[in-house]
2 protein chains.
Amino acid sequence: MEHRIEKIKKQLHSHSYKLTPQREATVRVLLEREDDHLSAEDVYLLVKEKSPEIGLATVYRTLELLSELKIVDKINFGDGVSRYDLRKEGAKHFHHHLVCIECGSVEEIENDLLGEVEQIVENDWGFEVKDHRLTFHGICRQCQAAAVKEDVQKATP
Amino acid sequence: MEHRIEKIKKQLHSHSYKLTPQREATVRVLLEREDDHLSAEDVYLLVKEKSPEIGLATVYRTLELLSELKIVDKINFGDGVSRYDLRKEGAKHFHHHLVCIECGSVEEIENDLLGEVEQIVENDWGFEVKDHRLTFHGICRQCQAAAVKEDVQKATP
DNA sequence: TTATTAATAATAATCATTACAAACTAATAT
DNA sequence: ATATTAGTTTGTAATGATTATTATTAATAA
């Protein structure tokens, strides 16, 4: 935890930004809720618990800054809100999402699914890939199970 | 053109929706500007040129409807606007985007890059994939060329 | 110490999107 | 023909996320 805070501090310094108390508080929340896809509002409310004097605009500005420095990913699942995910320790970015169209749950998977695919894009389209976003929409395990259960109930009334 | 309108008309009817004049005007704009990733506002302005009486809310409702019926894809490149793309004729959906982080251009590529990857997701995570969204962020051919040119100019002042 | 700069809080403004109420249309039942 | 109904549209108001602004504070440099 402290190790990662220290690292982020250095990243900020290298762009001559400071890790102010507000920024640190924000980063700590992101670290504590690492897999939660928090919205700016979510982050704001959580930071407020420990640092009640912080303002919403500051949280927005901090998240934007961290996003520019590629410390967090700003993602969008199509509901009207941006969500912010701290990038994992490993430098590479193999981080995709499974969004359930039934229950709205978001599962996160970590896997280099796109190594080859990026090569294809670079070779065939001359596009220098820096990053990607991959989201699958479908039906999660739980909802599949629930559907089967319902069918059984219909069959034996 | 007329053929595709007719097809969409049937799709709407099969869900007991009608292809009203306003809806038809909207679809025509989407057909004319097929690869343009128009925002709702864009579509509204274009439809208004030929059908000045249409309302913005109607355009939004129509796009939402078409999106629910999977006739258009509602996509999001992270600027604050949703964009709407008519799905191509072929039933399958191999449609990805290359977003340039220098100039903001969006190139569209058509290729089944993810057939195997979807299999992996289904097998390893038990997630039933219905659709996916894949976007690459990087540097387009033009901007790469421009960067090279700048370097040359610096080297020979 | 004083001047300068960066960062913050609080709030107002903006902008995309959605909700709402009233009017309209087309199809069907009477 | 007339009334009824459900579906659709319009114009506008409301909402909600995000950004801009302004005054203030904290940190740093001169």
Side-chain angles (χ1 to χ4, degrees), chain A residues 8-9 11-29 37-69 71-85 104, chain B residues 8-29 37-69 71-85:
Chain A
I8 289 169
K9 188 171 178 176
Q11 286 178 270
L12 286 170
H13 282 164
S14 76
H15 295 264
S16 47
Y17 294 111
K18 283 172 273 190
L19 183 66
T20 63
Q22 291 90 336
R23 285 174 182 166
E24 182 171 334
T26 304
V27 169
R28 281 186 189 278
V29 163
H37 314 296
L38 301 172
S39 69
E41 182 89 30
D42 294 337
V43 174
Y44 171 62
L45 293 174
L46 287 167
V47 174
K48 234 170 142 52
E49 288 176 11
K50 300 208 169 171
S51 315
E53 75 294 340
I54 202 170
L56 176 58
T58 303
V59 172
Y60 268 104
R61 254 178 289 116
T62 301
L63 291 173
E64 194 56 37
L65 177 62
L66 294 174
S67 158
E68 271 162 29
L69 301 184
I71 296 168
V72 310
D73 289 314
K74 183 177 180 179
I75 54 183
N76 196 303
F77 296 130
D79 54 349
V81 237
S82 294
R83 295 171 186 286
Y84 300 85
D85 281 15
Chain B
I8 290 171
K9 188 170 179 177
K10 278 181 192 152
Q11 284 179 271
L12 285 170
H13 282 164
S14 77
H15 294 266
S16 48
Y17 293 113
K18 281 174 272 190
L19 185 65
T20 63
Q22 291 90 337
R23 285 174 184 167
E24 184 172 333
T26 305
V27 169
R28 280 185 190 279
V29 164
H37 313 298
L38 302 171
S39 69
E41 183 88 29
D42 295 337
V43 175
Y44 171 63
L45 293 174
L46 288 167
V47 175
K48 235 173 140 54
E49 288 177 9
K50 300 209 169 172
S51 314
E53 73 297 340
I54 202 169
L56 177 58
T58 302
V59 171
Y60 268 104
R61 253 179 290 113
T62 301
L63 291 172
E64 193 57 35
L65 177 61
L66 294 173
S67 159
E68 271 162 29
L69 300 185
I71 295 167
V72 311
D73 289 315
K74 184 176 179 179
I75 55 184
N76 197 302
F77 296 131
D79 54 350
V81 238
S82 294
R83 296 172 183 284
Y84 300 85
D85 281 14

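Proteins get letters first, then strands, A, B, ... in listed order; numbering begins at 1 in each.
Between E64(B) and K74(B) a salt bridge is recorded (basic side-chain N to carboxylate O distance below 4.0 Å).
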Evaluation steps, side chain to side chain contact (heavy atoms under 4.5 Å, CB included), between I54(B) and T26(B): CA-CA 10 Å; I54(B) 202 169; T26(B) 305; 4.1 Å; yes
Residues L46(A), L38(A); criterion side chain to side chain contact (heavy atoms under 4.5 Å, CB included); working and verdict: CA-CA 10 Å; L46(A) 287 167; L38(A) 301 172; 3.9 Å; yes
Side chain to side chain contact (heavy atoms under 4.5 Å, CB included) between L65(B) and I71(B), intermediate numbers included: CA-CA 9 Å; L65(B) 177 61; I71(B) 295 167; over 6 Å; no
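At a threshold of 4.0 angstrom between heavy atoms, the contacts of T20(B) are confined to the sugar-phosphate backbone, with no base atom among them.
Atom CG of L66(B) and atom P of dT8(D) are 12 Å apart (whole Å). Across the protein-nucleic acid pair, Y44(B) atom OH and dT17(C) atom P stand 14 Å apart, rounded to whole Å. Between the C1' atom of dT8(C) and the NZ atom of K48(A) lies a distance of 13 Å, rounded to the nearest Å. Look at CG on L45(B): it is 14 Å from C1' on dC15(C), rounded to the nearest Å. Q22(B) places its CD atom 6 Å from the C1' atom of dT9(D), with the value rounded to the nearest Å. As a whole-Å value, the separation of E53(B) CD from dA23(C) C1' is 15 Å.
Other residues, nucleotides and ligands contribute over 12 non-hydrogen atoms within 6.0 Å of the NZ atom of K48(A).
Regarding contacts with the backbone of dG7(D), every side-chain N or O of S16(B) stays at 4.0 angstrom or more from both OP1 and OP2. A sub-4.0 Å separation between OP1 or OP2 of dT8(C) and a side-chain N or O of T58(A) is absent.
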Under 4.0 Å protein heavy-atom contact, by nucleotide of nucleotides 12-27 of chain D - B base, S sugar-phosphate only: -----SBBB-------
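The ring pair (Phe, Tyr, Trp, His ring centres under 6.0 Å) pairs that include a residue from residues 37-56 of chain A are H37(A)-F77(A), H37(A)-H97(A), where partners are two or more places apart or lie in different chains.
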